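Inspection log for the structure reproduced underneath, given as structure tokens.
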Amino acid sequence: MNMEIWKKAVAAAMCVVFLLTGCGIQITGKKQPMPGEAVVNVPKKPQERVREVSYTLWNAYWNLDGVEQQTEELSAHVKNVNFFAAYFDQDDKVFIPQATTDFYHAHRQSYREKGWDCYLTVVNDQKGEDGSTALKSTQLLYRLLGEEASYTAHAQSLVALAKSQGYDGIDIDYENIRKDETLWKYFMAFIGYLYEQCKEKGLHLRVTVETNIDTDKIAWVDGPVYSVMCYNLFGSHSGPGPKADKEFLATVMDKMGCVPGTVDYALANGGFDWGQDGSIVSVTVKQAQELMRTYGVSHETDESGAKRFTYKDEEGVFHEVWYGDQETLEIWMRWLQEGDNWDYSIWRLGE
């Protein structure tokens with residue numbers, strides 16, 4: 001065979017090999033796909049189903065400005081609306097502020113048409129005869145819950161109040177129990193009875209709890225939805241910092257692992273303004289934005305997801321502000337989703 005014929009034969013053979021390997025047919029050994037090349041006849045791993053997030057929104061009777069617009073902006077994921085809040089008079093009787101009642105009656109029909117449930121939030125605040133208010137009173141809780149006769153009567157009064165106003169459920173937000181094991185025992189006995197009363201009367205029950213508790217020492221009642229407050233990592237009790245960060249949220253998720261049923265994670269917008277003079281003032285998102293405009297400064301986004309900025313006021317006092325907006329909350333939600341948590345409450349609506 002002369003050289004020219006030999007070259008043509010080799011070229012033809014190489015062409016056949018190229019065509020066969022290009023079609024995915026193995027000549028010798030196992031075919032190694034080129035980078036980016038699809039592997040034929042290998043079944044794809046089914047994509048994991050992504051759960052839909054759900055929001056429970058709190059609105060507070062003392063500041064309802066902007067609530068309607070904010071509710072509309074979040075409406076695609078809203079499941080429940082909590083009306084904040086019923087509390088107690090000087091005789092330990094629960095009552096609802098008129099502003100809450102008016103707002104509820106103005107919107108309950110449209111909320112129901114959207115398929116949202118309306119909850120009456122009840123807090124352990126008490127108004128005195130002189131107009132003063134005792135916030136998060138554990139003394140009140142001991143009186144209401146310390147004996148079976150008192151906690152059953154209290155539960156029945158809450159159910160009757162919620163039913164008379166047309167609410168779909170009750171949101172119990174009794175705070176400051178912390179690590180008081182005796183009060184937790186009373187509280188859970190009350191929750192167990194209240195849950196049965198709610199079921200009997202066709203009401204839902206949510207229970208809001210703080211993070212500074214020993215979850216493994218509590219005899220949790222199976223049935224209610226428990227909403228844990230994932231904020232106040234930094235606040236009026238501390239120096240400057242975010243309301244939450246990834247490590248804090250991971251710790252909360254770990255603590256709530258022993259709680260039965262679905263756990264709802266409550267996140268808070270807004271933040272605090274820490275002054276070098278020792279002042280600490282809570283700020284809403286709107287107030288934080290107004291401060292930036294007033295002093296001509298801009299925020300930076302911290303690795304925690306929170307926004308941060310500094311300014312010097314007219315008196316020459318240096319201030320550091322940390323706050324969270326909806327973008328911040330969505331960052332925190334993504335971290336919670338890593339633990340397969342998709343139900344969130346937002347504290348709070350309003351300017």
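None of the values given here were measured: they were computed from a predicted structure. One is the number of the first residue; the rest follow in order along the sequence.
- Through direct or indirect side-chain contacts shorter than 4.5 Å among Ile, Leu, Val, Met, Phe, Trp and Tyr, V317 is connected to no other residue.
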* Show the numbers, then the answer: is there a side-chain contact (heavy atoms from CB on, under 4.5 Å) between Y186 and Y151? => CA-CA 8 Å; Y186 296 156; Y151 76 65; over 6 Å; no
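- From D325, atom CG reaches atom NZ of K286 across 15.5 Å, with rounding to the nearest 0.5 Å.
- Ion pairing between a basic and an acidic side chain is recognised when a charged N comes within 4.0 Å of a carboxylate O; K79 and D117 show no such pairing.
- Using a cutoff of 4.0 Å between basic side-chain nitrogens and carboxylate oxygens, K136 and D125 are not scored as salt-bridged.
- A salt bridge is defined here as a Lys NZ or Arg NE, NH1 or NH2 lying under 4.0 Å from an Asp or Glu carboxylate O, and E196 with K201 fails to meet this definition.
- To the nearest 0.5 angstrom, K255 atom NZ is 6.0 Å from I213 atom CD1.
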* To do: Could you check H107 against E68 for side-chain contact (heavy atoms from CB on, under 4.5 Å), going step by step and ending with a plain yes or no?
  => CA-CA 9 Å; H107 295 281; E68 294 178 52; 3.4 Å; yes
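- As a member of the Ile/Leu/Val/Met/Phe/Trp/Tyr network built from side-chain separations under 4.5 Å, Y311 groups with V283, V285, L291, M292, Y295, V297, F309, V321, Y323.
- Checked by atom type, the side-chain pair D173/Y87 shows no donor-acceptor distance below 3.5 Å.
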* Is there a side-chain contact (heavy atoms from CB on, under 4.5 Å) between T310 and R308 once you walk through the steps? -> CA-CA 7 Å; T310 60; R308 174 188 176 275; 3.8 Å; yes
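- Y193 has its ring centre no less than 6.0 Å from the ring centre of H154.
- Separation of the Y61 and F83 ring centroids does not fall under the 6.0 Å cut-off.
- Note on residues 112-135: pairs passing ring pair (Phe, Tyr, Trp, His ring centres under 6.0 Å), not counting sequence neighbours, are Y111-W116.
- Between the side chains of W220 and D222, not a single donor N or O lies within less than 3.5 Å of an accepting N or O.
- Of the charged side-chain nitrogens involved, at least one lies within less than 4.0 Å of a carboxylate oxygen, so that E327 and K307 count as a salt-bridged pair.
- For the atom pair L120 CG and S164 OG, the distance stands at 9.0 Å (nearest 0.5 Å).
- L336 CG to I331 CD1: the interatomic distance, rounded to the nearest 0.5 Å, is 12.5 Å.
- One N or O on the side chain of T71 and one on the backbone of V67 form a donor-acceptor pair closer than 3.5 Å.
- The closest side-chain heavy-atom distance from C230 to V228 is below 4.5 Å.
- Of the possible polar contacts, none joining the Y265 side chain to the V252 backbone as a donor-acceptor pair under 3.5 Å is found.
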* **E181 vs K217, side-chain contact (heavy atoms from CB on, under 4.5 Å): CA-CA, chis, key distance, verdict** => CA-CA 8 Å; E181 293 184 26; K217 295 181 180 180; 3.7 Å; yes
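- No side-chain N or O of Q70 forms a donor-acceptor pair with one of R348 less than 3.5 Å apart.
- The residues R178 and E210 are annotated as not salt-bridged, no charged nitrogen and carboxylate oxygen being separated by less than 4.0 angstrom.
- Follow the hydrophobic side-chain contacts under 4.5 Å out from M188 and you reach V159 in the same cluster.
- Between D214 and K179 a salt bridge is recorded (basic side-chain N to carboxylate O distance below 4.0 Å).
- Distance CG/L161 to NZ/K93: 12.5 Å, rounded to 0.5 Å.
- Atom-to-atom distance recorded for Y226:OH and I191:CD1 is 6.5 Å, nearest 0.5 angstrom.
- A side-chain donor-acceptor contact under 3.5 Å links Q337 and Y344.
- A salt bridge (charged side-chain N to carboxylate O under 4.0 Å, His left out) with R206 is found for one member of D264, D343, D168 and no other, namely D264.
- Counting only N and O atoms by type, the side chains of T121 and D171 include a donor and acceptor under 3.5 Å apart.
- Between W322 and F272, the ring center distance fails the sub-6.0 Å criterion.
- With 3.5 Å as the limit, one finds no donor-acceptor pair spanning the side chains of D254 and T251.
- For the residue pair H77/E52, the side-chain donor-acceptor check at 3.5 Å is satisfied.
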